[in-house]
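Worksheet: the structure to be examined is printed underneath.
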Amino acid sequence: MKVIGIETSCDETGVAIYDAKDGLIADLLYSQIGIHQKFGGVVPEMASRDHIRKTLPMVSQALAIAGCTKDDIDAIAYTAGPGLVGALLVGASIAKSLAMAWQVPALGIHHMEGHLLAATMTLEPPQYPFVALLVSGGHTQLMECTAHGQYVLLGESVDDAAGEAFDKVAKMLGLGYPGGPEIARVAEQGDHKRFTFPRPMTRKPGLNFSFSGLKTYVMNTVNDIDVVSEQDIADIACAFQDAVVDTIRIKCGRALKQTGLNQLVIAGGVSANTQLREVLDREDGFHLYYPAQSLCTDNGAMIAYAGYLRFIKGQADTLDIKVHPRWPMDELEAM
Ligand code: KG4
Ligand code: ZN
């Protein structure tokens, strides 16, 4: 059984094929970073137009790489949300059109469930129930995952997502886009002791996050230094990363304690952060799971895999084209 996955929710076109027996047999990713970089963020209309150019050729290429034809494909999975409405509509329209032509079902997949399930694509996956921290450019959420498709929101960011904060701070420091990998790179040369930034919302009880004040704190620090040198940038990036990672560590510990669970899954773009993985790995009392580096940021593989898991459990969508730019994960159908 083979499921093709199409991801077009933001600035990456991903197309992959997941085979029940052989796992990933094609995994293609095209990043639009070159298009959006000069604007310091994603320009939605340009993103949609580029997905239109790239998706179908990538579908043909994925079939060729996997050594199969359209007749071997049993279902088409596409990202139905959350994300940019125009970009989502491109993937949804292509998926539904192919489904009609190839006479197979097309399944709308929740992008964040794709991120989550990417962390379970291993030989020894976590067993439900577990706590998941989903950290990306648009989301910072702690979820209690009781079964496939059954998610209870424990806490989330009340303002910026962690990835968004990385991107904005990188911009303030004159670093490139996306900011997460850039901050992580320059922070390696930083002095951990020079600045200590606040760990927002850790003194109050609760599992929500807030990164907007931390961002302002960084801006004030930059403004306080007359001439910002390379070392200053490294030290600020380092203090910022320390603060985000430490805040996440505290909140994850709290979520595990509150739920009484002993498995933590981290997923989404920010879960690629090495320091975050190392700090959580050093904590006691729970098992940590995270996706392979290549599966942390947006990709088609996670959509193909999430689609495969829903297809074998009987999810069947109609052929009308529906996308959900905002889509709370706890509204998903339990499998
Ligand atoms: O999951 P993702 O690719 O897209 C969304 O669904 O939003 O996440 C992208 C986010 C960006 O904000 C990017 O800066 C961040 O993930 N990111 C990182 C790292 N790699 C990507 N943040 C911190 N450290 C990283 N190594
Ligand atoms: Zn994502």
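For clarity, every value in this text was computed on a predicted model and none was experimentally measured. Just so you know, ligand 1 is whichever comes first in the structure, and atom 1 is the first atom listed for that ligand. All residue numbers refer to positions in the sequence shown, counting from 1.
- Contact check on K171 versus D167 returns no salt bridge, with no Lys/Arg side-chain nitrogen under 4.0 Å from an Asp/Glu carboxylate oxygen.
- Put simply, the angle at the Zn ion (ligand 2) from OD1 in D298 to NE2 in H111 is close to 100°, to the nearest 10°.
- Under 3.5 Å, the side chains of D232 and S229 contain a donor-acceptor pair of N or O atoms.
- Shortest contact from atom 4 (O) of ligand 1 to any protein heavy atom: D298 OD1, 3.1 Å.
- Looking at ligand 1, you won't find any N or O of P178 less than 3.5 Å from one of its N or O atoms.
- Looking at T297 next to ligand 1, no N or O pair under 3.5 Å apart turns up.
- Between F240 and F166, a ring centre-to-centre spacing shorter than 6.0 Å is recorded.
- Where the criterion is an N or O separation shorter than 3.5 Å, residue side chain and backbone included, A184 fails it with respect to ligand 1.
- The Zn ion (ligand 2) lies under 2.8 Å from an N, O or S atom belonging to H115.
- If you chain together ILVMFWY residues whose side-chain heavy atoms come under 4.5 Å of each other, L84 ends up grouped with V42, Y177.
- Put simply, the side chain of V85 reaches to within 4.5 Å of the side chain of V323, judged on heavy atoms.
- The distance criterion of under 3.5 Å between nitrogen or oxygen atoms is not met by M112 with respect to ligand 1.
- In summary, K2 and D74 do not engage in a salt bridge, as defined by a charged side-chain N under 4.0 Å from a carboxylate O.
- The distance from ligand 1 to the heavy atoms of G138 drops below 4.0 Å at these ligand atoms: 7 (O).
- Ranking protein heavy atoms by distance to atom 24 (N) of ligand 1, first place goes to N273 ND2, 3.0 Å.
- Scanning all protein heavy atoms for the shortest distance to atom 17 (N) of ligand 1 gives G269 O, 3.6 Å.
- At a heavy-atom cutoff of 4.0 Å, ligand 1 is contacted by the side chain of D167 but not by its backbone.
- Contact annotation: for H139 versus ligand 1, there are no heavy atoms closer than 4.0 Å.
- Between the side chain of H111 and the backbone N or O of I303, no donor-acceptor pair lies under 3.5 Å.
- Close approach of ligand 1 to H111 (heavy-atom distance below 4.0 Å) involves ligand atoms 6 (O).
- Inclusion of H115 in the set of residues having an N or O under 3.5 Å from an N or O of ligand 1 is warranted.
- Interface atoms of ligand 1 facing G179, defined by a heavy-atom separation under 4.0 Å, are 14 (O).
- Close contacts between ligand 1 and G163 involve ligand atoms 12 (O) [criterion: under 4.0 Å to a heavy atom].
- Side-chain contact between I236 and F195 is present, with heavy atoms from C-beta onward closer than 4.5 Å.
- Counting heavy atoms from C-beta on, the side chains of H287 and F130 never come closer than 4.5 Å.
- For M100 against L319, the heavy-atom pair with the smallest separation is SD-CD1, 3.7 Å.
- Taking a cutoff of 4.0 Å between a charged side-chain nitrogen and a carboxylate oxygen, E333 and R310 do not qualify as a salt bridge.
- With atom 25 (C) of ligand 1 as the reference point, the heavy atom nearest to it among S136, A118, G137, G180 is part of G180.
- Residue contact check for ligand 1: C10 places no non-hydrogen atom closer than 4.0 Å to it.
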